[in-house]
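Note that the coordinates shown come from a computational prediction; the quantities given were computed from them, not determined experimentally.
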Amino acid sequence: MTIFTDDVVAAVTGHMNGDHTDDNLLIARAFGYPGVTESRMVGVTGDGGVWVVTDAEGDHELTVAWPGGEISERPQIRRQVVELYKVACDKLGISARDEHAPEPTGGDDAATPHAAAHPHSGNPHGGNPHGGNPHGGNPHGGGRHAGATDAEGEQPFSSVIRESSWSDHSDSEGATFMEDIMRGIGTKQDYIDLVVQHYFMYEALEAAATQLVADPAFAGFHPAALVRMPALEADLEYLIGSDWREQIAPVPATAAYAARIREIAEEGWSAGIVAHHYTRYLGDLSGGQMIAKRVAKQHELDAAGIEFYDFSALGAIADFKSGYRAELDALGARLDDAERARMLDEVRTAYGFNTAVFVDLGKAKAAA
C-alpha cells in the first residue's frame, strides 16, 4: 500500500475539510452513517480515504476504498476523490454537481497555474518550502470550486489562489503533528505548543495588517473583529499561567515565518501581506473551527483556552468569507500578471512556512 507523505495528506484533507465539507457529509451518509452530523477527512492512503464521522452515537473512523482501485501518485488522489463523490451520489440517488466533470488528461496538478517551486530550488520566497495546508482546512471553505469561472469566462482571482494550494507537494519529514490533533489523539501539550506558535505568527501578521487598515483599497480585508492577539494572550494565560510570556518561544520555522512577514511589511508590499493574511485567517475560519471542536471535546475546554477560534464578532462566517473572496477578486483585477504571479508564489510560501512549523513542532515533541 502506498503511504503518501504528510504534507500531501495535509493538503488533500485540508482542501476537503475546507472546501468540501458537504461532500464529506455526503460520503459518510452513503457509506454507513446516515445520521452523520460531522465528517472530517483525516487520512489518505493508496487504498482509500479516511474520515472521522460523528453521529448521535459518537465518533467513528470510516475508511472508504478508491473506486478505481489502489493508487500511487499524487495527481491520482483528486481524481479518485471526485469519483468517490460520484459513487456516493449514486448510492444516495442524488445528482452530482456539474463542477465535477472529468479532469484534463494531465491531471489536477497540470491544470494548476504557477506550479509551486521546489523547496530546495534556491528561491527563498517564491516557492513552497514544505507544502501542505496549515489549518486542516482550505482558506476558502464553502467557496466556489477551483475550476469555476465568472460570467466573462475568466477565473476569479480567489479561485486561482485556492487552486494554487492543490500544487504538487514535496517530501516532508514532519510526521503527524497536526494529523494527531485533528484525529483527537494529540496531547494537551501539543495544542498548547500550537497556540504558542500562533502567538508569534499573529504578532507579526497583525502588526503588518495595520498597513492594510490604513489603505482604503485593502481595509476590507482586516475588520477589527478579525484581530486575534487579545484572544491568543487570553488563551495562553489560561493554558500556561500568568507568566506565560517567560515560558514560550518560537520554533525555528515560526521565527523564519514571522521574519518573512516583517520583511514584506518593511517593503510595504500590501499584496504580499494579503497572501499571508489569507492563508492564516481564512484557514482559521475554516479548518481551524474543526480544530477548536476537537480540542474542546478532548481536553474539556469551554471558551477559555480556545478563544482564538471564536470569530462570532464577525457575524456569519460564510458571509465574511464571501466578502473576503470578493476583496481578493477585486485585488486580482488591480494587479498585473507579474504581480498576480508574485502574490501566488507568496501564498505558496505561506503554506510552506506553516507546514514547516508543524515539522518543527513534531521534531521538538520527538526530542522532548
Side-chain angles (χ1 to χ4, degrees), residues 9-44 48-56 58-64 77-78 80-89 91-92 94-100 108 132-148 158-159 161-163 165-166 178-179 181-184 278-279 281-297 306 309-312 314-325:
V9 174
V12 175
T13 57
H15 179 79
M16 290 297 294
N17 293 331
D19 261 7
H20 297 289
T21 53
D22 289 343
D23 296 352
N24 287 337
L25 289 168
L26 185 148
I27 289 168
R29 284 198 295 270
F31 289 93
Y33 295 94
V36 59
T37 58
E38 183 178 355
S39 178
R40 305 177 308 281
M41 192 179 199
V42 297
V44 177
V50 184
W51 285 260
V52 170
V53 177
T54 304
D55 62 12
D59 290 347
H60 318 272
E61 186 167 290
L62 168 67
T63 300
V64 185
I77 299 174
R78 190 179 186 186
Q80 287 304 307
V81 169
V82 170
E83 289 305 312
L84 183 57
Y85 161 80
K86 292 178 180 178
V87 170
C89 288
K91 289 172 70 71
L92 295 173
I94 62 178
S95 299
R97 294 190 303 276
D98 289 341
E99 66 189 37
H100 287 302
D108 71 327
N133 187 297
H135 316 284
N138 187 288
H140 277 307
R144 299 172 61 175
H145 186 272
S158 59
S159 293
I161 292 175
R162 182 175 67 232
E163 189 175 89
S165 70
W166 271 98
M178 276 307 297
E179 184 179 347
I181 290 178
M182 292 296 289
R183 283 178 176 266
Y278 154 85
T279 304
Y281 287 103
L282 270 289
D284 290 321
L285 279 162
S286 299
Q289 300 306 298
M290 287 179 281
I291 293 175
K293 290 179 182 179
R294 173 58 61 188
V295 299
K297 180 178 180 180
I306 53 171
Y309 295 105
D310 181 4
F311 289 91
S312 57
L314 281 175
I317 289 179
D319 291 343
F320 175 78
K321 289 194 287 188
S322 178
Y324 198 100
R325 288 192 294 271

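In this structure, CG in L84 is found 13.0 Å from CD1 in I77, a value given to the nearest 0.5 Å. T279 OG1 to D284 CG: the interatomic distance, rounded to the nearest 0.5 Å, is 10.5 Å. A distance of 4.5 Å separates CG of L285 from CZ of F311, quoted to the nearest 0.5 Å. To the nearest 0.5 angstrom, I291 atom CD1 is 4.5 Å from Y309 atom OH. Atom CD in Q289 sits 8.0 Å away from atom CG in D310 (nearest 0.5 Å). Separating the CG atom in L62 from the CD1 atom in I27 is a distance of 8.5 Å, to the nearest 0.5 Å.
N24 and S39 make their closest contact through O-OG, 3.0 Å (heavy atoms, listed as atom of the first residue, atom of the second, distance). Heavy-atom minimum distance, Y33 versus E61: OH-O, 4.4 Å. Scanning all heavy atoms of the two residues, the minimum distance from A292 to I306 falls at O-CD1, 4.4 Å. What you find for M41 and T13 is that their closest heavy atoms are O-CB, 3.4 Å. For the residue pair G43 and V9, the shortest heavy atom distance occurs at CA-CG1, 4.1 Å. Of all the heavy atoms in C89 and A96, the pair that sits closest is SG-CA, 3.9 Å.
Side-chain contact annotation: T37 with D55, donor-acceptor N/O pair under 3.5 Å absent.
M16 pairs with exactly one of T21, V44, V81, V42 by the side-chain contact (heavy atoms from CB on, under 4.5 Å) rule, that one being V81.
Taking the side chain as every heavy atom from C-beta outward, V64 and V87 never approach each other to under 4.5 Å. The closest side-chain heavy-atom distance from V36 to W51 is not below 4.5 Å.
Of the possible polar contacts, none joining the E38 side chain to the V53 backbone as a donor-acceptor pair under 3.5 Å is found. A donor-acceptor contact shorter than 3.5 Å is absent between the side chain of Y278 and the backbone of Y324.
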